[in-house]
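Written below as structure tokens is the structure these notes are about.
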Amino acid sequence: MTDDERFSLLVGVMGAGELWPVPDERIPPGVPMSAAYVPGIPRLGVPALLMSDAGLGVTNPGYRPGDTATALPAGLALAASFDPALAREAGGLIGREARSRGFNVQLAGAMNLARDPRNGRNFEYVSEDPLLTATIAAESVKGIQHEGVISTVKHYSLNGNETNRHWLDAVIDPDAHRESDLLAFEMAIERGAPGAVMAAYNKINGDYAAANDVLINGVLKGAWGYRGWVMSDWGATPGWECALAGLDQECGAQIDALLWGSEAFGDPLRAAHAEGGLASERLSDMVRRILRSMFAVGVDRAHVGPAPDMDAHNEIALRIARAGIVLLANRGALPLAPESSPRIAVIGGYAHAGVAAGYGSAAVVPPGGYAAVVPIGGQGLEAGMRNLYLLPSSPLSELRERLPRAQIEFDPGLGPAEAAMAARRADVAIVFAVRAEGEGFDGADLSLPWGQDAVIAAVAAANPNTVVVLETGNPVTMPWRNSVNAILQAWYPGQNGGRAIAEVLAGVVNPSGRLPITFPVDLGQTPRPELPDPATPWGTPTTIDYFEGADVGYRWFAKRGLAPMFAFGHGLSYTRFEYRDLVLGAGDTISASFSVANVGDRAGADVPQLYLTSAPGERCSRLLGFERVELEPGATRRVSIEADARLLAHYDGGAGTWRIAPGGYTVAVGASAVALRLAGGVELAGRAFGR
Ligand code: BGC
């Protein structure tokens with residue numbers, strides 16, 4: 001390769017779309033554009049890299065007129081299934097739809113730990129737990145790459161809040177980082193072998209993610225031996241020196257010019273090379289990493305794939321929605337009795353039109369287009385992407401289809417008084433509540449917007465048999481929770497979400513989702529009741545000290561002895577499960593086996609979870625393993641789990657190794673992080689391992 005050819009692979013430019021309406025002459029006409037284009041080298045048979053978002057389906061922010069794709073449920077919904085096989089299928093779907101359009105890089109694998117329930121992007125992510133996050137992210141990466149499309153994992157690392165993300169310094173104890181967000185990346189990379197890693201926007205401990213020598217050269221490429229390439233997030237390459245810290249490719253280069261005054265890996269990097277600042281070995285390494293992943297994943301093959309079976313993909317979206325809906329509370333209201341002919345008031349949440357979806361770079365236009373788009377707007381680069389998207393799967397019509405004998409009335413839920421009148425006329429009131437959340441913006445609190453909390457309270461006061469369905473990307477505080485009879489967490493349930501919700505309400509589907517994040521009573525229970533300078537204008541440097549370290553989510557609640565509103569791992573069913581006969585083994589790690597029995601009268605899926613509850617000198621709570629088990633009534637299954645030794649250990653940065661302390665360890669099998677039902681203890685010999 002000539003140096004010109006080498007340099008050409010290091011810059012990805014955005015096409016003209018909604019966010020960036022300026023055509024770039026570096027992109028040849030006719031290229032199926034999306035998030036970025038990197039020219040190929042025809043002389044050597046190296047294809048161009050065509051990159052698209054992302055993990056909830058192939059996005060189209062105005063690039064390809066009329067093109068639509070399967071809009072999957074939120075990452076949190078997929079995670080709530082606790083079903084790695086389903087994540088693999090989701091990945092396969094994305095890979096096929098990407099490849100049929102000629103894309104060979106999907107910017108998927110969004111997997112920052114959900115540290116803060118205000119984070120606008122949690123809906124794209126997986127969970128607050130490293131093991132669950134890594135398991136789901138790795139399977140979705142494998143599904144995508146199996147189709148010959150490179151997947152990233154992102155955003156490396158600690159992009160835990162959105163507001164002011166370009167100016168945010170995320171501070172954390174480095175060892176605690178290894179045990180939390182970095183452990184999730186480490187395990188996902190081992191299992192999923194993503195071709196690329198996308199660095200975050202924020203700084204970590206003072207250095208920008210893309211300029212973070214400790215994290216990229218030190219941890220990712222050094223300790224973990226990662227062989228793929230590291231790309232920047234769009235407009236997150238503050239200078240050519242990022243190449244020295246380990247960044248291999250600048251993406252969304254035009255935004256760098258806007259934010260930092262110039263693109264970084266074009267002329268500045270060439271000049272640095274000419275002047276000796278960038279060694280030729282490093283230039284070769286950057287290029288080799290990109291080419292290596294293209295070969296490893298099969299991007300070197302002729303690329304455009306066949307048109308996928310969109311009906312089959314619609315079915316996958318439905319299965320994820322069904323498996324991801326979490327029944328949070330049920331005082332006998334659900335399932336609705338299909339044989340009776342009740343009067344049902346369906347209230348609010350645009351339930352007549354569709355279901356809510358998150359906004360930002362992950363937003364997917366579904367086949368047939370959105371049911372509606374409500375522009376919200378705001379301050380900053382991402383303001384134009386801030387919308388309430390409604391996907392066309394109307395819970396109201398789906399309920400009517402499933403309950404033909406019911407008399408169903410719809411009230412838009414515009415205000416408490418009108419909604420209460422509709423509720424009074426009905427035997428059961430079902431209130432739908434939505435929250436628009438997405439990239440670039442954190443929520444200021446955990447309330448429902450647009451007066452929906454007041455509507456629910458009024459409906460519950462008017463009708464003692466009230467059911468609430470939440471279409472949100474995060475926990476909400478639910479001040480009305482004790483006066484309603486059932487609460488369903490539907491997340492952003494994707495293009496078939498209305499149907500899945502109706503099926504769960506009507507009892508056609510037995511709910512089986514489990515919470516991948518803790519629902520706190522209020523922000524006061526979380527590590528940061530107040531974010532620093534919440535009123536800071538866009539563009540002002542801020543620091544967030546993630547002082548909770550590795551005690552993210554349920555681990556924080558356990559350490560502080562706090563009782564959440566709904567615990568990590570919680571989710572109800574229309575049947576009942578029992579756990580029996582726990583047998584533990586100990587050696588290099590802990591293994592456990594136990595039986596799960598369906599002792600109710602319906603088929604259903606359960607997700608028994610194994611937690612570490614104490615280690616020498618330490619009370620703790622750490623998820624060691626889980627399995628989703630489908631059981632007919634009366635059936636029993638044996639589950640075996642072997643813990644990844646890192647989940648029992650602490651990281652010792654001084655010695656550069658993981659360390660298991662010698663002594664007694666206790667574990668428990670639970671239906672959530674707090675509903676622990678079987679417990680036992682083992683002794684482990686101490687040992688050090690890994691880097
Ligand atoms: C997001 C990334 C995304 C990229 C390209 C950025 O704003 O943070 O997750 O992949 O845009 O669209």
Side-chain angles (χ1 to χ4, degrees), residues 11-21 24 27 33-38 49-64 69 74-75 94 98 103-112 119-126 137 140-141 144 149-168 170 185 194-203 208-210 229-237 249-256 258-259 358-365 378 380-386 437-442 473 538:
V11 179
V13 289
M14 302 172 64
E18 274 164 15
L19 176 65
W20 193 261
D24 194 296
I27 302 173
M33 223 18 244
S34 197
Y37 169 81
V38 179
L49 288 176
L50 290 168
M51 305 187 184
S52 170
D53 285 301
L56 311 180
V58 176
T59 65
N60 184 2
Y63 291 121
R64 305 175 307 282
I94 293 169
F103 298 127
N104 50 18
V105 180
Q106 269 302 116
L107 307 167
M111 54 169 291
N112 296 86
N119 180 8
R121 276 189 108 168
N122 280 347
F123 81 94
E124 282 185 63
Y125 297 151
V126 182
S140 98
V141 166
I144 293 170
V149 174
I150 292 168
S151 178
T152 56
V153 288
K154 69 186 188 183
H155 309 86
Y156 186 77
S157 172
L158 223 61
N159 187 178
N161 287 86
E162 280 298 295
T163 299
N164 253 347
R165 59 187 180 171
H166 288 90
W167 293 274
L168 176 64
F185 276 108
V197 171
M198 187 193 295
Y201 276 120
N202 47 286
K203 297 178 179 175
Y208 272 109
W229 89 91
V230 181
M231 68 172 74
S232 71
D233 201 339
W234 273 228
T237 310
Q249 191 180 54
E250 172 188 26
C251 281
Q254 302 100 317
I255 306 186
D256 284 319
L258 180 81
L259 291 177
Y359 58 80
S361 60
V364 178
V365 188
L381 250 188
E382 297 87 1
M385 306 198 296
R386 196 180 188 198
E437 298 179 55
E439 188 171 336
F441 299 88
D442 289 329
W538 192 80

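We count ligands from 1, going down the list as the structure has it; atoms in each ligand are counted the same way.
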**Asked** Tell me, do Met14 and Ile255 make a side-chain contact under 4.5 Å, heavy atoms counted?
**Response**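 Of all side-chain heavy-atom pairs linking Ile255 with Met14, at least one is under 4.5 Å.
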**Asked** Does any non-hydrogen side-chain atom of Asp256 lie less than 4.5 Å from one of Glu250?
**Response**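 The answer is yes, as the side chains (C-beta and beyond) meet within the 4.5 Å cut-off.
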**Request:** Show the protein residues that qualify under the rule heavy atom under 4.0 Å from an atom of ligand 1, listing them in chain and number order.
**Result:**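 Near ligand 1, by chain and number: Ala35, Asp53, Leu107, Arg121, Lys154, His155, Arg165, Met198, Tyr201, Asp233, Trp234, Ser361, Glu439.
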**Request:** Go through Ser52 and Gln106 one step at a time and tell me if the side chain to side chain contact (heavy atoms under 4.5 Å, CB included) criterion holds.
**Result:** CA-CA 5 Å; Ser52 170; Gln106 269 302 116; 3.3 Å; yes
**Request:** For Trp167, enumerate each residue passing the ring-ring contact (aromatic ring centres under 6.0 Å, His included) test, keeping only those at least two apart in sequence or located in another chain.
**Result:**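 Partners of Trp167 under the ring-ring contact (aromatic ring centres under 6.0 Å, His included) test: Trp538.
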**Residues in ring-ring contact (aromatic ring centres under 6.0 Å, His included) contact with Tyr359, at least two apart in sequence or another chain** =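 Counting only residues at least two positions away or on another chain, Tyr359 forms no ring-ring contact (aromatic ring centres under 6.0 Å, His included).
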**Item:** Set of side-chain hydrogen bond (donor to acceptor under 3.5 Å, both in side chains) partners for Glu382, sequence neighbours left out
**Value:**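 Glu382: side-chain hydrogen bond (donor to acceptor under 3.5 Å, both in side chains) contacts with Arg165.
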